[in-house]
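Keep in mind the model is a prediction, meaning the values are calculated, not measured.
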Amino acid sequence: MMRTRPLKVALLGCGVVGSEVARIMTTHADDLAARIGAPVELVGVAVRRPDKVREGIDPDLVTTDATALVKRGDLDVVVEVIGGIEPARALITTAFEHGASVVSANKALIAQDGAALHAAADEHGRDLYYEAAVAGAIPLIRPLRESLAGDKVNRVLGIVNGTTNFILDKMDSTGAGYQEALDEATALGYAEADPTADVEGFDAAAKAAILAGIAFHTRVRLDDVHREGMTEVTAADFASAKEMGCTIKLLAICERAADGASVTARVHPAMIPLGHPLAGVRGAYNAVFVESDAAGQLMFYGPGAGGAPTASAVLGDIVAVCRNRLSGARGPGESAYAALPVSPMGEVVTRYHISLDVADKPGVLAQVATVFAEHGVSIDTVRQQGKDGEASLVVITHRASDAALGGTVEALRKLDTVRGVASIMRVEGE
C-alpha cells in the first residue's frame, strides 16, 4: 500500500542539473511514487538569482535563503547541486543536523571532505549519496560500493571527463592541434569558458579520489591524487602513438599494489593500445574499466556530463534515499576499514614513451642506452630518425618507477648530444 503523505525534497541549486532534477520529479511524479512507495514533493528551491524565469518551477518555492530552507526540520531529502566547497559543506552539515538525508553531485567536496561528511551523516543517522559526482549518468559508485562489496577490486582505469576526451578524440581523428580542438569543444558547449578544471585534470582527480576510496576501502583525499593536465599533448604525440598502435587519453588510474599493501591514484595523459576497450571511447563520453578478483574485467560506459544524464543519477539516489526513509533503514556509509597507505607517484611503476631530440652522429644511441641502464630502466624498443645533423630518438621502456624514469631524464638532459626532451608519456592498459 502506498503512503499518501509525501516525502519532502529541497533542491539547492537550479542550474543545468538542478532544473532537470526538478523537471523529472514533476513529469515522472507518478512513476517515482510507485517505485518509492510514497509521493515525492519538491517543497523548496534555493537559488542565487530569484528573478530568473524557471520553466516548470512554482515561483513560490524559490528562495535565496538556502540555510533557512535546510533548517525547516520537515525535509526528508536535500539535493545539493550548487558545487564548490562553501557554502555547500555547511548546508549539507546543517541538513543532517535538521533531520534530512543528502544527495549530492559535488565531486570536489566529496573528494576533499567525504570522510567528515560521512561522519556527520552517521552522527545524525542519515544517508549521504553521490552517484552523480562521478561519470554523470553512468552507474558506477553504487556497483563499486554495493554490487562488488564482496569482491576485491584491484584496479579502476577510466576516462571520467568528457571535455578532455572530446578534445583528445578530435586531435586523434582529425590531426588538429590542442588549441584548435579546444576551440571547437568550447563552441559546441563541451568546454567551459575557463576550461582549467577539465584540461588540467582537477575534475578527473576529484573523481579518482572518490573512486579509489570506495574501491579500496581506504580514505583517499584529493591531495593524495597525482595530477597532470593534457595541455602539452601535441599532434606529434598522436603520430607517435599511432606508430605504436595506440591512442592518447586522459586517464584516471586507481591501483592496488601487487603486494596489496598500498594503493595509488593518479590522473595524467597516457598512450593506450587501440585494442583496449577505453581506446574506442569517442567524443564527450566517459568509460571506466574495473578489474577485480572474482568478477574479472567490467566496463561502464555512457554520457559523463550534461543536465539530463547527471539528473538521472541524482534521481536514482533520491529514490534510494526515499526508500530507506520509508523503511527506517540506511544505505551504505563510508567503508575505510582497510586504511591502506597511498603511495607517492615516484613509486608508481609503468611503461614510458620518451622522445628525444639528439645529434645525428655515431655513439649517441650508446650514450642514451648507458644512461637508461645506469638508472635501472630497461629499454624495450628504440627508433631513430636523422637528417642534416639532427635526429629524433624514441625510446619505449619496460615497466619502471616514476622516480627511476625521472632520474634517467635528468641525466639525459646533461648529455651534450641530447638537444632536448620532446615529450614523455606513460603507456597504460596493457
Side-chain angles (χ1 to χ4, degrees), residues 155 157 159 168-169 171-172 175 178 226 228-253 255 258 264 266-281 289 291 345-387 390-415 417-430:
R155 195 178 197 217
L157 173 75
I159 299 164
L168 292 173
D169 183 40
M171 293 175 69
D172 185 26
Y178 166 75
H226 174 82
E228 298 172 25
M230 41 78 71
T231 58
E232 300 301 318
V233 176
T234 66
D237 291 325
F238 274 101
S240 294
K242 287 181 179 180
E243 290 179 357
M244 289 179 58
C246 293
T247 188
I248 298 172
K249 299 292 186 182
L250 184 74
L251 298 178
I253 306 168
E255 293 180 307
T264 60
R266 50 197 165 100
V267 168
H268 54 71
M271 294 182 179
I272 189 167
L274 293 175
H276 193 281
L278 292 178
V281 178
F289 201 70
E291 301 174 8
M345 187 62 190
E347 297 179 11
V348 171
V349 175
T350 188
R351 295 176 66 207
Y352 290 87
H353 173 283
I354 304 102
S355 179
L356 304 172
D357 295 326
V358 300
D360 186 17
K361 62 182 183 180
V364 173
L365 180 56
Q367 285 184 327
V368 169
T370 297
V371 170
F372 275 88
E374 288 174 347
H375 288 81
V377 179
S378 175
I379 294 176
D380 183 11
T381 61
V382 177
R383 184 176 70 255
Q384 183 173 2
Q385 293 178 326
K387 184 180 181 181
E390 299 295 328
S392 172
L393 189 66
V394 175
V395 179
I396 311 298
T397 74
H398 287 291
R399 293 176 66 83
S401 72
D402 191 76
L405 195 283
T408 303
V409 172
E410 184 177 350
L412 287 171
R413 295 183 192 276
K414 296 177 181 178
L415 293 178
T417 51
V418 175
R419 309 295 192 223
V421 180
S423 68
I424 304 171
M425 192 166 296
R426 297 173 183 87
V427 182
E428 301 286 348
E430 300 170 82

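Taking CG of L278 as the reference point, atom CG of L251 lies at 6.5 Å (rounded to 0.5 Å). A distance of 12.5 Å separates OG of S378 from CD1 of I396, quoted to the nearest 0.5 Å. Atom-to-atom distance recorded for H353:NE2 and D380:CG is 11.5 Å, nearest 0.5 angstrom. Between the CG atom of L250 and the CD1 atom of I248 there is a distance of 11.0 Å, given to the nearest 0.5 Å.
Every residue meeting the side-chain contact (heavy atoms from CB on, under 4.5 Å) condition with V421, not counting sequence neighbours, appears here in chain and number order: I354, L356, V409, R413, I424. Scanning for side-chain contact (heavy atoms from CB on, under 4.5 Å) contacts around E410 gives K414, with sequence neighbours left out. Every residue two or more places apart in sequence or in another chain was checked for a ring pair (Phe, Tyr, Trp, His ring centres under 6.0 Å) with F238, and none qualifies. Among residues two or more places apart in sequence or in another chain, the side-chain contact (heavy atoms from CB on, under 4.5 Å) test is passed with T231 by Y178, V199, E200. The side-chain contact (heavy atoms from CB on, under 4.5 Å) check on A422 picks up S355, D357, with sequence neighbours excluded. Under the side-chain hydrogen bond (donor to acceptor under 3.5 Å, both in side chains) criterion, T247 pairs with D172, not counting sequence neighbours.
Between S392 and Q384 the shortest side-chain heavy-atom distance does not fall below 4.5 Å. Put simply, the side chain of R419 does not reach to within 4.5 Å of the side chain of V358, judged on heavy atoms. Using a 4.5 Å heavy-atom cutoff, the side chains of V427 and M244 are in contact. For the pair M425/V233, a side-chain contact is recorded, criterion being any heavy-atom separation below 4.5 Å from C-beta on. Taking 4.5 Å as the limit, some side-chain heavy atom of R155 sits within range of a side-chain heavy atom of I253. Taking 4.5 Å as the limit, every side-chain heavy atom of E347 sits out of range of all side-chain heavy atoms of D402.
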With a cut-off of 3.5 Å and sequence neighbours excluded, list every side-chain donor-acceptor pair involving residues 266-273.
unit_1: R266; atom_1: NH1; unit_2: H268; atom_2: NE2; d: 2.9
unit_1: R266; atom_1: NH1; unit_2: E428; atom_2: OE2; d: 2.7
unit_1: R266; atom_1: NH2; unit_2: E255; atom_2: OE1; d: 2.8

Donor-acceptor contacts under 3.5 Å from residues 362-374 side chains, at least two apart:
unit_1: Q367; atom_1: OE1; unit_2: T417; atom_2: OG1; d: 2.6
unit_1: T370; atom_1: OG1; unit_2: A366; atom_2: O; d: 2.8

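Scanning both residues, G175 and A235, for their nearest heavy atoms gives O-CB, 4.2 Å.
A donor-acceptor contact shorter than 3.5 Å links the side chain of T397 to the backbone of Y352. The backbone N or O of V281 lies less than 3.5 Å from a partner atom in the side chain of K249, making a donor-acceptor pair.
Within the structure, salt bridge (charged side-chain N to carboxylate O under 4.0 Å, His left out) pairs that include any residue of residues 228-239 comprise E228-R426 (at least two apart or interchain).
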